[in-house]
Amino acid sequence: MESLAQLELLCEKLYNSRDSAERAHAENTLKCFSENSDYISQCQYILDNASTPYALILASSSLRDPLSLALRCLSFDFVGCPVDESSEEFGTVQLPASWRPLLQDPSTVQIFFDYYKVNDTCVSKEALECLVRLASVRRSIFVEDPSRTQFLSHLMSGTKEILQTGQGLADHGNYHEFCRLLGRFKVNFQLSELLSIEFYGEWIGLVAEFTTKSLLSWQWASNSVYYLLSLWSRLVTSVPYLKSDTPSMLDETVPKITEGFITSRINSVQASFANDSSDDTLDNVDVLQEQLESLPYLCRFQYQNSSIYIINIMEPLLQAYTERSRLPAPGDANELSVIEGQLTWLVHIIAAILKIRQTIGCSQESQELIDAELAARVLQLINVTDTGVHAQRYRVLSKQRLGRAILIFVQNFRRSYVGDQAMHSSKQLYARLSELLGLNDHLVLLNAIVGKIATNLKCYAECEDVIDHTLSLFLELASGYMTGKLLLKLESTKFIIANHSRDSFPFLEEYRCARSRTTFYYILGCLVFMEDTPVKFRSFMEPLLQVAVNLEATADAAFWTDVVKYAFIGLMRDLRGIAMATNSRRTYGLLFDWLYPSLMPLLLKAISLCADEPEVTTPLLKFMCEFVLNKAQRLTFDSSSPNGILLFREVSKLIVAYGSRILLLPNGTDIYGSEYKGIWISLAVLSRALCGNYVNFGVFELYGDRALADALDISLKMSLSVPLSDILAFKKLSKAFYGYIEVLFSSHITFVLNLDTNTFVHIVSTLESGLKGLDTGISTQFLLLDLDVMCNLCASAIDSLAAFYFNNITAADGPPSPAALNLARHIGEFPTLFPQILKTLFEIIIFEDAGNQWSLSRPILSLIMISEQMFSNLRAQILASQPVDQQQRLSQCFEKLMSDVARNLEPKNRDKFTKNLTTFRHDFRVKNIQA
């Protein structure tokens, strides 16, 4: 203790003394604690016994510094494969071969286990993090098997000691990292290697005991159990490939862990209900997925025993739930909620098992029979959930959770046994289901599934989550080629198609489910269009036609009422879904003939009366955005048909009516919702119509029709009304704006060139700003893909402009056109416009990690072709900014850039320049790095 007192005195002088010489002496004396690993035990002693804070700081910091350095070294990316920072998971740690002697030294692993024993949670947690990375070191760093086996033995020995003593595991951080460490054993080592360790049997027993205890402590260890279950699932999937005679002991341990997991989930329901916990795992999709991800492999390891265990738990619950359905009143609602919660977990477990059809230790036929036994219990439950008193509980949270679980079961079961391929190879399953439930083939089962879908859509009107999940299942069924055809034969499907009104499906009335209407009618549209019968289509559309007729007859003043507005909004969402389902010329023609011309005045009336109400205009504009999209060449009319021109005239009327009114509105507090959203959708509508290739736009000017001119005028005014900073701040607005500008420059450049010079320069400047998106501070709001799309649009627009200048001014043979004269005037007034854009493009190529070099090469070549002097000046400017000793070599890069490039913009010449530009970028950047 006397020496400890002396150390405490030195520590006080180190941190408090005003005498620099005294501080230096103390620092020199104490530095051994942070530089020599032999002092770890002394640091431990100080932490346990010191009475002054200065001594505690010394010991703690002496242990954080080397550990932090070690962790940073082990986490360093030596091969250029960055780790996903959003996830705790990482792959193999690629350490240099020069580290091999260090890793083969037993003291390397031991020192981190020694650090772990220090009674400081920050130190022990960081030590475990280092061990997790050591356990993930690439296998090839060990040249011989004995060295890798020795390394594994040290890791297993260290973890065995922690499992035996439980030291430090009371701290949640340590506990979590220790679970991660155990999880890495099977990621980086083979089961045969684990078996080769002398004390494997003792180790695996301790890990099994630790896992079981963790499962029982589900509230505390819910986020850590994932790693333990991953370890066990990887162990059991390795058993078929095991050639060693050494017993793996998995036959004894895995069933206990499987039963422990299931029991813990069942018990958690009662505990959560007793604690009135609002944070339920059943409501957290990500956590639920994590917990169930490994379970199927564990259950299927000894599938017969696991299934019996599940059925034995489920049978009494199912019986109690069935008996409750027959009572005149629900009785104890809390008790019923607990039963529903426990059934929910069991349904999730069975759904997870059926999702994975992996054979471990038994034949596929026997696994199908067991699958049928488990599935039969859930199918029995489905028959009960909507009967008796249970039909009154659709608003209860526990019933909604059970409804979601059943949908997940049906999805997984369908993918395994009702899909286009699976239904012909599952005879054993259907034979057993026929014995148990009378479901003798997939058609009967499919009818029951669609019946459940119809019930959900009818009864869960106030639960948006269940409605969305139900529609997702319905969409999966309708999207399959064979299942879609089969659906049309079912009475339940025919009922839905024939009765798609709000009376049959009340969720269509719920405003909170308004977006679900689009999905619902998209599914129905897909089914209706599978049959080539215009009569059935018109019959299907009759309820919607009646709604439209009623809306047309409504007085203008009444259009402001909620009832009328919501009816119109619903109609637009319904029609959008049906339009999305038209994927051919035939099906689109059916919808076009139904809609035009009789219902177009209704759309114009609505957008004129309610331009200032986004809840009305947004669904209308989004419907038009879908209706004018020429996907799969569905908008292909006969050569003598005027339909393309007529459609664009209607688009023009809507855009002009909306734009002329929205521009007069004052800015509100939510400017995006009230103005910008409608503007970007309008621009998207017009862009799709302009580039759909189904309108001969020359007709409008030829016959004095102002539809095109008015649409371009008002759309440009809407675009210019939005500040550039706001354009760059909102992703959807940016994509729509630059997509619109790109269409103007590629297809209607004369309109742009006829603008006044200030407006023209402003538009071109926005293109340069779009190119520099990565430098404008918006990268945190935009995905890299979105930035590339925006940059590509800007580059394409600039290329169209520069190519027009080259073809019509620089290389023109005859007298320039009026549009060319306008462009020459614009550039004459702003001579720095093109040079500045070319400079920006080269800066992106040279200094940014641009993945769209092909797109950027197009405008660069067009601008170089305009003026060789402009390129020479920029080249000199770039070279002057580089180190003097590098300028000659970099000058050669520029020489190679134009090698074999002719003075034209032919496709072959462009491709040659793109190839040269890629080489130029590589050489320029490499030489800069070397410098």
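The first residue in the sequence is number 1, and the count goes up from there. Nothing here was measured: the structure is a model prediction, and the numbers come from that model.
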Could you tell me whether R393 and D386 have a side-chain N and a carboxylate O separated by less than 4.0 Å? no
Yes or no on side-chain contact (heavy atoms from CB on, under 4.5 Å) for V450 and I496, after CA distance, side-chain angles and deciding distance? CA-CA 9 Å; V450 178; I496 296 174; 4.0 Å; yes
Of the non-hydrogen atoms in I523 and A478, which two are nearest, and what is the gap between them? CG2-CB, 3.8 Å
Could you please spell out the steps behind the salt bridge (charged side-chain N to carboxylate O under 4.0 Å, His left out) verdict for R324 and E335? CA-CA 11 Å; R324 286 294 189 98; E335 183 182 347; 3.2 Å; yes
Testing the 3.5 Å rule here: is there a donor-acceptor pair between the side chains of S325 and T322? no
H172 vs H176 aromatic rings, parallel, tilted or perpendicular, using cut-offs 30° and 60°? parallel
Would you please test N383 and Q380 for side chain to side chain donor-acceptor pair (under 3.5 Å) and show each step? CA-CA 5 Å; N383 292 333; Q380 281 180 307; over 6 Å; no
Short N-O contact, E373 and R377, less than 4.0 angstrom: yes
Check E259 with K256, please: is the shortest side-chain N to carboxylate O separation under 4.0 Å? no
Derivation of the side-chain contact (heavy atoms from CB on, under 4.5 Å) call for L477 and I453: CA-CA 11 Å; L477 292 171; I453 289 172; 3.8 Å; yes
Answer yes or no: is there an ion pair linking E531 with K536, defined by an N-O contact shorter than 4.0 Å? yes
Could you measure the distance from the CD atom of E193 to the CG atom of D145? Nearest 0.5 Å is fine. 7.0 Å
Which value, rounded to the nearest 0.5 Å, describes the distance between L381 atom CG and L402 atom CG? 5.5 Å
Would Q164 and E202 count as a side chain to side chain donor-acceptor pair (under 3.5 Å) if you check the C-alpha gap in whole Å, the side-chain angles of each, and the deciding distance to 0.1 Å? CA-CA 10 Å; Q164 288 172 330; E202 184 181 3; 2.8 Å; yes
Should the heavy atoms of other residues, nucleotides or ligands under 6.0 Å from CZ of R395 be counted, would the total exceed 12? no
Heavy atoms, side chains only, cut-off 4.5 Å: are Q400 and Y394 in contact? no
Does the side chain of T385 come within less than 4.5 Å of K452's, by heavy atoms? yes
Give every residue pair that meets the ring pair (Phe, Tyr, Trp, His ring centres under 6.0 Å) criterion with at least one member in residues 307-348, sequence neighbours excluded. Y321-H390
Looking at L235, I204, L195, which one forms a side-chain contact (heavy atoms from CB on, under 4.5 Å) with M249? I204
Can a cation-pi geometry be assigned to R415 and F413, taking NZ or CZ under 6.0 Å from the six-membered ring centre and within 45° of the ring axis? no
Would you check if the distance from the ring center of F520 to the ring center of F507 is below 6.0 Å? yes
Using 0.5 Å steps for rounding, measure from the CD1 atom of I370 to the CD atom of Q428. 12.0 Å
Residue pair N440 / Y430: nearest heavy atoms and the distance that separates them: O-CB, 4.1 Å
Distance-only, no hydrogens or angles: does the N312 side chain make a donor-acceptor pair with backbone N or O of I308 under 3.5 Å? yes
Please tell me if the side chains of L346 and L318 come closer than 4.5 Å, counting only heavy atoms from C-beta onward. no
Begin from the C-alpha positions of F178 and S224 and carry the test side-chain contact (heavy atoms from CB on, under 4.5 Å) through to its verdict. CA-CA 9 Å; F178 186 67; S224 308; over 6 Å; no
Correct closest heavy-atom pair for R139 and F189 would be NH1-CA, 3.9 Å
Is it the case that more than 12 heavy atoms not belonging to E198 sit under 6.0 Å from its CD atom? no
To the nearest 0.5 Å, what is the distance between OH (Y226) and CD (Q289)? 9.5 Å
Under 3.5 Å, is there a donor-acceptor pair between the T582 and T587 side chains? no
What verdict does the side chain to side chain donor-acceptor pair (under 3.5 Å) test give for T519 and S516, after you've listed the backbone C-alpha separation in whole Å, the side-chain angles of each residue and the deciding distance to 0.1 Å? CA-CA 5 Å; T519 308; S516 302; 6.0 Å; no
In short, A632 meets N583 closest at the heavy-atom pair CB-O, 3.7 Å
Any side-chain heavy-atom pair from N412 and I356 closer than 4.5 angstrom? no
Is K186 close to S238 at the side-chain level, that is, under 4.5 Å between some pair of heavy atoms? yes
So, E368 side chain and L429 main chain: donor-acceptor pair closer than 3.5 Å or not? yes
Ring centres of F540 and F529 under 6.0 Å apart? no
Rounded to the nearest 0.5 angstrom, the CD-CG distance for Q291 and L282 is 9.0 Å
Step by step, would you call E464 with R515 a salt bridge (charged side-chain N to carboxylate O under 4.0 Å, His left out)? CA-CA 10 Å; E464 184 180 356; R515 295 188 177 186; over 6 Å; no
Could you please spell out the steps behind the side chain to side chain donor-acceptor pair (under 3.5 Å) verdict for W232 and S294? CA-CA 8 Å; W232 290 104; S294 303; over 6 Å; no
Without swapping roles, check the side chain of D441 against the backbone of V444 for a donor-acceptor pair under 3.5 Å. yes
Atom of L527, atom of L488 and distance for their closest heavy-atom approach: O-CD2, 3.5 Å
May I ask you to test the I197-W203 pair for a side-chain heavy-atom distance under 4.5 Å? no
Show the nearest heavy-atom pair for residues N188 and S136, with the distance to one decimal. ND2-C, 3.4 Å
Got a donor-acceptor contact below 3.5 angstrom from the S472 side chain to the D468 backbone? no
Could you label the plane-to-plane angle of the Y175 and F210 rings as parallel, tilted or perpendicular, counting under 30° as parallel and over 60° as perpendicular? tilted
Quick one: CG on L379 to CG on L437, what's the gap to the nearest 0.5 Å? 6.0 Å
Just wondering, do K485 and M482 contact through their side chains at under 4.5 Å, heavy atoms? no
Has the side chain of R517 got a donor or acceptor atom that lies under 3.5 Å from a matching backbone atom of L508? yes
Go through D371 and R432 one step at a time and tell me if the salt bridge (charged side-chain N to carboxylate O under 4.0 Å, His left out) criterion holds. CA-CA 10 Å; D371 285 353; R432 185 58 181 150; over 6 Å; no
Tell me, with the steps shown, if K458 and D503 meet salt bridge (charged side-chain N to carboxylate O under 4.0 Å, His left out). CA-CA 9 Å; K458 182 177 181 179; D503 296 329; over 6 Å; no
Where do M580 and Y521 land on the side-chain contact (heavy atoms from CB on, under 4.5 Å) test, with the steps shown first? CA-CA 9 Å; M580 290 166 60; Y521 275 95; over 6 Å; no
Hey, are the side chains of V528 and I497 touching, using non-hydrogen atoms and a 4.5 Å cut-off? yes
